Structure formats: C-alpha cells, structure tokens
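For the single chain, residues carry numbers from 1 onward in sequence order. None of these values were measured; they are calculated from a predicted model.
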Amino acid sequence: MTIKSSEFKNKTLICFGDSTTWGDDGKRNGGKAISWPMQLGEHYEFEKIFNEGKCGSRIAVTSDRNDSFIERWKNLPSTADYIVIWGGVNDFQHDVPLGSENDGAVRTFYGALNTLFWGMLNRYPEAKLLVVTPHKNNYFNAEKNYPTSFQENKLGLMQESYVEAIMKISAKFSLPLLDLFNHSGMSPFVEAQQKLYFPDGMHFSKAGYRRISEIICRGLIQLSGF
C-alpha cells in the first residue's frame with residue numbers, strides 16, 4: 001500500500017499543457033489514467049489536481065485550431081496554489097513563427113508567451129507557477145512528416161529555438177523553469193530508452209510519465225519553500 005505524502009495537503013494544482021500532460025502514449029493506449037498528473041496524485045496528497053492537457057494544443061493562436069494555450073487559459077479553474085505550464089513542441093512542429101522577444105502578437109511564439117505569462121500572473125498572483133520546456137522528440141508519424149529535435153521545421157527553425165524562447169520569457173517574468181529539453185534524463189534517440197519510455201518517439205509510456213511525475217514533483221517541492 002502506498003502512503004501519500006502530505007507535502008501538498010489542501011493544495012490545488014493546475015496542470016496546463018498539451019498531449020504530454022493529457023497522457024497520450026502515441027499508441028492509443030494512453031489517457032489521463034497514465035498521465036503524470038494522475039501518477040503525481042497517487043503519491044502526493046493534493047486537495048485537487050486539474051489535468052488541463054489538450055492533444056495538439058499550441059501555445060500560440062493558429063488558423064487551423066481554436067484550442068491554443070492563449071484561447072484556453074481564461075477557462076482554467078479560477079483558483080490554484082500551484083500551476084505547471086508545459087508546451088511548445090506543437091508550435092515547433094506546426095511552424096509557428098517565433099516573432100521577437102518584446103512581441104505581443106498572439107500568433108507568434110514569443111508574443112504568445114508574453115501574453116500567456118503576463119495573463120496567468122495577473123489572474124493567479126499568489127499561485128506558484130512552474131514552466132516546463134518540451135523534451136527532445138524523435139517522433140515518427142506514418143501520416144505526417146513532423147521534424148524531430150534535430151531537424152528544421154518548414155521555417156528553417158530547430159526545436160531548440162522554441163526552447164530558448166521559453167527560457168528567455170520565463171526569465172523575463174521571473175518564473176521558475178524546469179528544463180526537460182536538456183535535462184530530462186530520458187532520450188528518445190537512445191534505442192533502449194525509446195522502447196521503455198517513448199512508444200512513438202515523443203509521447204511517454206506509463207513508465208515515462210512516472211519519471212516525469214517525479215521530476216515535476218521535485219520542481220514543485222522546491223517551489224513550496226518560497
């Protein structure tokens with residue numbers, strides 16, 4: 001029997017992200033039941049955890065969808081003690097323009113980040129926010145030719161450029177950042193780890209989400225001291 005830690009007792013957590021927050025494993029066997037928010041909740045006694053992951057969601061607004069982070073953040077639960085924001089890989093793979101660091105346009109990546117972080121901090125001034133960079137991807141999709149972390153998208157940009165944007169704008173707003181791109185401890189480019197943790201080269205298995213839940217929880221524990 002697992003005994004839950006009471007580190008976060010009576011606290012509320014919003015997990016705001018894309019498919020890797022929702023719990024997609026890339027093989028149609030995933031879902032919220034294997035997601036990192038669910039597995040984190042199995043070990044830590046939060047009052048409430050909201051899984052606000054949406055498959056395919058970009059941070060920036062795009063013409064082909066209406067479920068970007070920008071279009072969803074105002075519909076999140078009205079209060080929270082902790083918020084994890086994890087996204088960006090879909091912006092890279094779907095060729096969202098970067099824009100510039102002081103951009104405010106919600107259809108560019110920098111502009112969307114500026115708008116999102118400013119809005120979230122104003123809506124949740126007392127919450128503790130943790131920003132998470134997208135991890136490396138070696139994604140294989142038989143129907144669509146998405147770029148991996150070491151390939152350029154149609155704009156000639158690498159995934160690292162989007163990660164650097166997240167780092168810069170997080171620092172601009174003094175937001176703590178968890179860098180999974182450089183320091184997740186799991187690589188989809190290593191065959192043994194891909195088989196164990198990345199069924200399709202990008203989305204996680206249940207074991208992968210378990211490790212992610214542990215990494216994110218360590219980040220939240222650090223935040224709890226502030």
Side-chain angles (χ1 to χ4, degrees), residues 14-22 24 36 52-76 83-124 127 129-139 141 144-184 188 201-204 212 216 219:
I14 296 175
C15 307
F16 190 30
D18 52 31
S19 58
T20 49
T21 292
W22 179 79
D24 192 350
W36 67 263
E52 298 289 344
K54 180 71 174 179
C55 295
S57 180
R58 288 75 138 161
I59 290 177
V61 175
T62 57
S63 59
D64 60 325
R65 299 177 66 115
N66 60 2
D67 57 4
S68 68
F69 286 40
I70 292 296
E71 292 161 294
R72 291 193 292 135
W73 73 267
K74 291 182 180 179
N75 296 320
L76 296 175
I83 303 173
V84 175
I85 304 172
W86 180 9
V89 70
N90 290 309
D91 298 79
F92 160 63
Q93 291 187 326
H94 292 273
D95 313 303
V96 169
L98 277 180
S100 59
E101 290 186 38
N102 294 318
D103 200 339
V106 296
R107 292 183 180 272
T108 71
F109 196 60
Y110 272 110
L113 289 170
N114 278 315
T115 301
L116 176 66
F117 293 164
W118 185 90
M120 295 285 283
L121 286 168
N122 273 284
R123 186 178 186 193
Y124 305 98
L129 274 65
L130 177 65
V131 179
V132 182
T133 70
H135 55 288
K136 288 185 176 70
N137 89 89
N138 189 19
Y139 188 34
N141 185 303
K144 298 179 181 179
N145 185 27
Y146 291 121
T148 73
S149 296
F150 300 114
Q151 296 174 330
E152 294 180 345
N153 65 12
K154 292 178 182 178
L155 300 177
L157 298 169
M158 305 285 280
Q159 185 179 350
E160 188 173 14
S161 296
Y162 294 80
V163 172
E164 289 173 351
I166 293 170
M167 291 177 171
K168 287 178 182 178
I169 304 305
S170 296
K172 176 180 177 179
F173 286 94
S174 301
L175 290 173
L177 180 126
L178 182 59
D179 182 9
L180 292 185
F181 186 78
N182 292 301
H183 304 296
S184 72
M202 181 169 75
H203 300 96
F204 294 97
I212 289 296
I216 291 178

Peer 1: Once you round to the nearest 0.5 Å, how far does CE of Met167 lie from CG of Leu113?
Peer 2: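 It is 12.5 Å, given to the nearest 0.5 Å.
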Peer 1: Which label fits Tyr139 and Tyr146: parallel for a plane angle under 30°, tilted from 30 to 60°, or perpendicular past 60°?
Peer 2: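 Judged by the thresholds at 30° and 60°, the geometry between Tyr139 and Tyr146 is parallel.
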Peer 1: Applying side chain to side chain contact (heavy atoms under 4.5 Å, CB included) to Trp36 and Cys15, what does each step give before you reach the verdict?
Peer 2: CA-CA 9 Å; Trp36 67 263; Cys15 307; 3.5 Å; yes
Peer 1: Phe92 and ring pair (Phe, Tyr, Trp, His ring centres under 6.0 Å): which partner among Phe150, Phe109, Phe181, Tyr162?
Peer 2: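 Exactly one pass, corresponding to Tyr162.
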Peer 1: Over all heavy atoms of both residues, which pair between Phe117 and Ser170 is shortest? Give the atoms and the distance, please.
Peer 2: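 Heavy atoms only, the tightest pair is CE1-OG, 3.7 Å.
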Peer 1: Please report the closest heavy-atom contact between Gly87 and Ile166, naming both atoms and the distance.
Peer 2: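 That would be O-CD1, 3.5 Å.
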Peer 1: I'd like a table of donor-acceptor pairs (distance under 3.5 Å, sequence neighbours excluded) in which one partner is a side-chain atom from residues 96-105, with atom names and distances.
Peer 2:
residue : atom : partner : partner atom : Å
Glu101  : OE2  : Lys168  : NZ           : 3.4
Asp103  : OD1  : Ala105  : N            : 2.8
Asp103  : OD2  : Thr108  : OG1          : 2.8

Peer 1: Applying salt bridge (charged side-chain N to carboxylate O under 4.0 Å, His left out), name anything that partners Asp67, two or more places apart in sequence or on another chain.
Peer 2: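 Asp67 satisfies salt bridge (charged side-chain N to carboxylate O under 4.0 Å, His left out) with Arg65 once adjacent residues are dropped.
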Peer 1: List the atom of Arg123, the atom of Asn75, and the distance in Å for their closest heavy-atom pair.
Peer 2: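 Closest heavy-atom pair between Arg123 and Asn75: NH1-N, 4.0 Å.
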Peer 1: Rounded to the nearest 0.5 Å, how far apart are CG of Asp24 and NZ of Lys54?
Peer 2: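 Here the rounded value is 12.0 Å.
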Peer 1: If you define the side chain from C-beta out and look only at heavy atoms, does anything of Pro176 sit under 4.5 Å from Leu129?
Peer 2: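 Counting from C-beta outward, Pro176 and Leu129 never come under 4.5 Å.
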Peer 1: Verify side chain to side chain contact (heavy atoms under 4.5 Å, CB included) between Leu121 and Leu175, making sure each step is shown before the conclusion.
Peer 2: CA-CA 10 Å; Leu121 286 168; Leu175 290 173; 3.9 Å; yes
Peer 1: Does Arg58 reach the main-chain N or O of Asp18 with its side chain, forming a donor-acceptor pair under 3.5 Å?
Peer 2: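 Judged by distance alone, no pair lies under 3.5 Å.
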Peer 1: Less than 4.5 Å apart, any side-chain heavy atom of Phe204 and any of Thr20?
Peer 2: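 A side-chain contact under 4.5 Å exists here.
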Peer 1: Taking all atoms of both residues into account, what is the closest heavy-atom pair of Asn114 and Lys172, and its distance?
Peer 2: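 In terms of heavy atoms, the two residues are closest at OD1-NZ, 3.0 Å.
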Peer 1: Around atom CD of Glu160, are there more than 12 heavy atoms of other residues, nucleotides or ligands at under 6.0 Å?
Peer 2: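 At most 12 heavy atoms, drawn from other residues, nucleotides or ligands, come within 6.0 Å of this atom.
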Peer 1: Would you say CG of Asp64 has more than 12 non-hydrogen atoms from neighbouring residues, nucleotides or ligands within 6.0 angstrom?
Peer 2: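 Buried by this count: over 12 neighbours within 6.0 Å.
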Peer 1: Thr148 and Asn137: which non-hydrogen atoms are nearest, and at how many Å?
Peer 2: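 Result for this residue pair: CB-O, 3.3 Å.
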Peer 1: Return the CZ to OG1 distance between Arg107 and Thr115, rounded to the nearest 0.5 Å.
Peer 2: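 Rounded to the nearest 0.5 Å, the CZ-OG1 separation comes out at 12.5 Å.
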Peer 1: Report the distance from atom OG of Ser57 to atom CG of Asp91, rounding to the nearest 0.5 Å.
Peer 2: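 With rounding to 0.5 Å, OG (Ser57) is 8.0 Å from CG (Asp91).
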Peer 1: Given 3.5 Å as the limit, does a donor-acceptor pair link the side chain of Asn153 with the main chain of Leu157, or not?
Peer 2: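 Answer holds: yes.
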Peer 1: Atom CZ of Phe69 and atom CZ of Phe16: how far apart are they, to the nearest 0.5 Å?
Peer 2: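 The distance works out to 5.5 Å.
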Peer 1: To the closest 0.5 Å, what do you measure between OG (Ser68) and CD1 (Ile59)?
Peer 2: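 Interatomic distance, Ser68 OG to Ile59 CD1, rounded to 0.5 Å: 9.5 Å.
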Peer 1: Kindly indicate whether the side chain of Phe173, heavy atoms from C-beta on, has any atom under 4.5 Å from the side chain of Met120.
Peer 2: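 Heavy-atom side-chain distance check fails, nothing below 4.5 Å.
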Peer 1: Do the non-hydrogen side-chain atoms of Gln159 and Pro147 ever get within less than 4.5 Å of each other?
Peer 2: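 Side-chain contact under 4.5 Å: no.
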Peer 1: Would Leu180 and Ile212 satisfy side chain to side chain contact (heavy atoms under 4.5 Å, CB included), going step by step from the backbone distance to the final call?
Peer 2: CA-CA 9 Å; Leu180 292 185; Ile212 289 296; 3.9 Å; yes
Peer 1: Using the rule given for side chain to side chain contact (heavy atoms under 4.5 Å, CB included), can you reason through Lys136 versus Asn182, listing the C-alpha separation, both sets of side-chain angles and the distance that settles it, and then say yes or no?
Peer 2: CA-CA 8 Å; Lys136 288 185 176 70; Asn182 292 301; 4.0 Å; yes
Peer 1: Of the non-hydrogen atoms in Ala112 and Ala60, which two are nearest, and what is the gap between them?
Peer 2: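 The pair with the smallest heavy-atom distance is CB-CA, 3.6 Å.
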Peer 1: For the residue pair His135 and Trp86, does the interplanar ring angle fall in the parallel (under 30°), tilted (30 to 60°) or perpendicular (over 60°) class?
Peer 2: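 Judged by the thresholds at 30° and 60°, the geometry between His135 and Trp86 is perpendicular.
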